[in-house]
Amino acid sequence: MAHSDGTVSITVNGEHKRVADGLTLAALAIELGLVPEKIAVERNMEVVPRSTLADVMVEDGDDLEIVHFVGGGDHEADTWTVAGQTFTSRLIVGTGKYKDFAQNAAAVEASGAEIVTVAVRRVNVLDRNAPMLTDFIDPKKITYLPNTAGCFDAESAIRTLRLAREAGGWELVKLEVLGEAKTLYPDMVETLRATEILANEGFKPMVYCVDDPIATKRLENAGAVAIMPLGAPIGSGLGIQNRVTIRLIVEGAGVPVLVDAGVGTASDAAVAMELGCDGVLMNTAIAEAKNPLMMAAAMKAAVESGRLAYRAGRMGQRRYADPSSPLAGLI
């Protein structure tokens, strides 16, 4: 019998709960974050056939045991989502500086990346025999992320992305507005202005920015769907120079955070992931390696191991030694 508030009292795996009256066992499973097709339910000491979970109603006083079976070697997918699109790989790679498109495509495959950044530029429309990136990296299999590389003011970046949307229908884009050519640091005033305008026009901008938690929060409030602070200057390979601010950005962000620029080797990528970033974007670190394909594979492993370490939770740091084996009772 339902309570006056329209709920029933049940016990699920030893824990007392109140749930809405009228739920089926399948609906209860979904409410608990489970997939009905992947569970076994025992109700009041009797197993309920899985085929009937959508028909059997939960009743007041039910004692339920729910078991979630996971196949051998099957781990919960550690995916991430940006602007409604979900990805498994947390490594994004660029498409510049490779010796040719074939090498670029091979590096993308070795990296396991599901997203590549592409600069929106004028092309030679008169030479129809010239190779095109799409001939080597299939946009039906790999997500293209148009970016505004080389733009030094909001107007040029906005124009570039409007053309990109017209050409390919892209709304998920990477916005970068540079301040000057020597450091390639972002101009945050122009970046913020462009973000607001693009978001109002229906774009979903992933935004390259400085590693400043105040600036990144303003970008998020302006409509950025992802924050992409630099680890170090573009193409420098210096690695993450300020772990503190990256960590602060991660802690304060309500959208994905990806380190963009400055990665030089695999350990840099691992550090970014250990700080809690959702992903890493790189180009030069792979393209200018002596063996780009090998480096792409190394970056894939580094991103995965760094993410796993972050999820595992590292041990606390101590000022003094703490022996693994007890010292008491030694001869």
Side-chain angles (χ1 to χ4, degrees), residues 13-15 32-34 67-82 86-93 110-114 209-217 220 226-232 236-282 285-286 289 294-331:
N13 294 358
E15 181 180 344
L32 296 174
L34 302 172
V67 179
H68 181 203
F69 289 103
V70 179
D74 183 19
H75 300 281
E76 182 182 353
D78 178 33
T79 58
W80 68 287
T81 301
V82 58
T86 300
F87 301 94
T88 300
S89 172
R90 294 173 179 270
L91 176 59
I92 300 175
V93 299
S111 73
E114 297 170 304
C209 57
V210 295
D211 57 337
D212 175 353
I214 305 301
T216 55
K217 181 54 68 174
E220 183 180 335
I227 301 299
M228 308 180 78
L230 53 78
S236 68
L238 291 172
I240 297 176
Q241 294 298 292
N242 199 333
R243 302 184 185 188
V244 174
T245 52
I246 296 295
R247 183 62 185 168
L248 288 173
I249 291 170
V250 170
E251 290 177 356
V255 295
V257 176
L258 302 92
V259 163
D260 177 11
V263 171
T265 190
S267 58
D268 300 331
V271 167
M273 299 308 299
E274 288 172 5
L275 290 173
C277 291
D278 295 276
V280 184
L281 189 154
M282 65 185 71
I286 296 176
M294 190 179 294
M295 184 59 79
M299 291 299 187
K300 176 184 178 182
V303 168
E304 291 173 351
S305 64
R307 174 64 181 175
L308 196 60
Y310 171 73
R311 294 179 67 196
R314 65 157 293 150
M315 62 167 283
Q317 294 176 311
R318 306 181 180 96
R319 291 184 61 189
Y320 301 104
D322 184 23
S324 299
S325 300
L327 298 179
L330 294 181
I331 296 174

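Only a predicted model underlies this, so the values are computations on that prediction, with no experimental measurement involved.
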Shortest non-hydrogen contact between [X] and [Y], atoms and distance:
| X | Y | answer |
| --- | --- | --- |
| Arg90 | Asp278 | NH1-O, 3.0 Å |
| Ile240 | Asp268 | CD1-O, 4.1 Å |
| Ile246 | Leu230 | CD1-O, 4.1 Å |
| Met295 | Ala289 | CB-CB, 3.6 Å |
| Gly279 | Met273 | CA-SD, 3.9 Å |
| Ala269 | Val263 | N-CG1, 4.2 Å |

Looking at [atom1] of [X] and [atom2] of [Y], how far apart are the two atoms once the value is rounded to the nearest 0.5 Å?
| X | Y | atom1 | atom2 | result |
| --- | --- | --- | --- | --- |
| Glu274 | Leu308 | CD | CG | 10.5 Å |
| Ser89 | Glu114 | OG | CD | 5.5 Å |
| Arg307 | Cys277 | CZ | SG | 10.0 Å |
| Lys300 | Ile286 | NZ | CD1 | 12.0 Å |
| Asp212 | Ile249 | CG | CD1 | 7.0 Å |

Show your reasoning for whether side chain to side chain contact (heavy atoms under 4.5 Å, CB included) applies to Val250 and Val257.
-> CA-CA 6 Å; Val250 170; Val257 176; 4.0 Å; yes

Is there any side-chain hydrogen bond (donor to acceptor under 3.5 Å, both in side chains) pair reaching into residues 252-266, and which pairs are they, with sequence neighbours excluded?
->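 Residue pairs passing side-chain hydrogen bond (donor to acceptor under 3.5 Å, both in side chains), neighbours aside: Lys174-Asp260.
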
Please confirm whether the backbone N or O of Ile227 pairs with a side-chain atom of Glu220, one donor and one acceptor, at under 3.5 Å?
->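 No; judged by distance alone, with no hydrogens or angles, the pair does not exist.
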
So with a 6.0 Å cut-off around CZ of Arg243, is the heavy-atom count from everything else above 12?
->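 No, the 6.0 Å shell around CZ holds no more than 12 heavy atoms from other groups.
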
Evaluate the side-chain proximity of Met282 to Leu91: yes if any heavy-atom separation is below 4.5 Å, no if none is.
-> yes

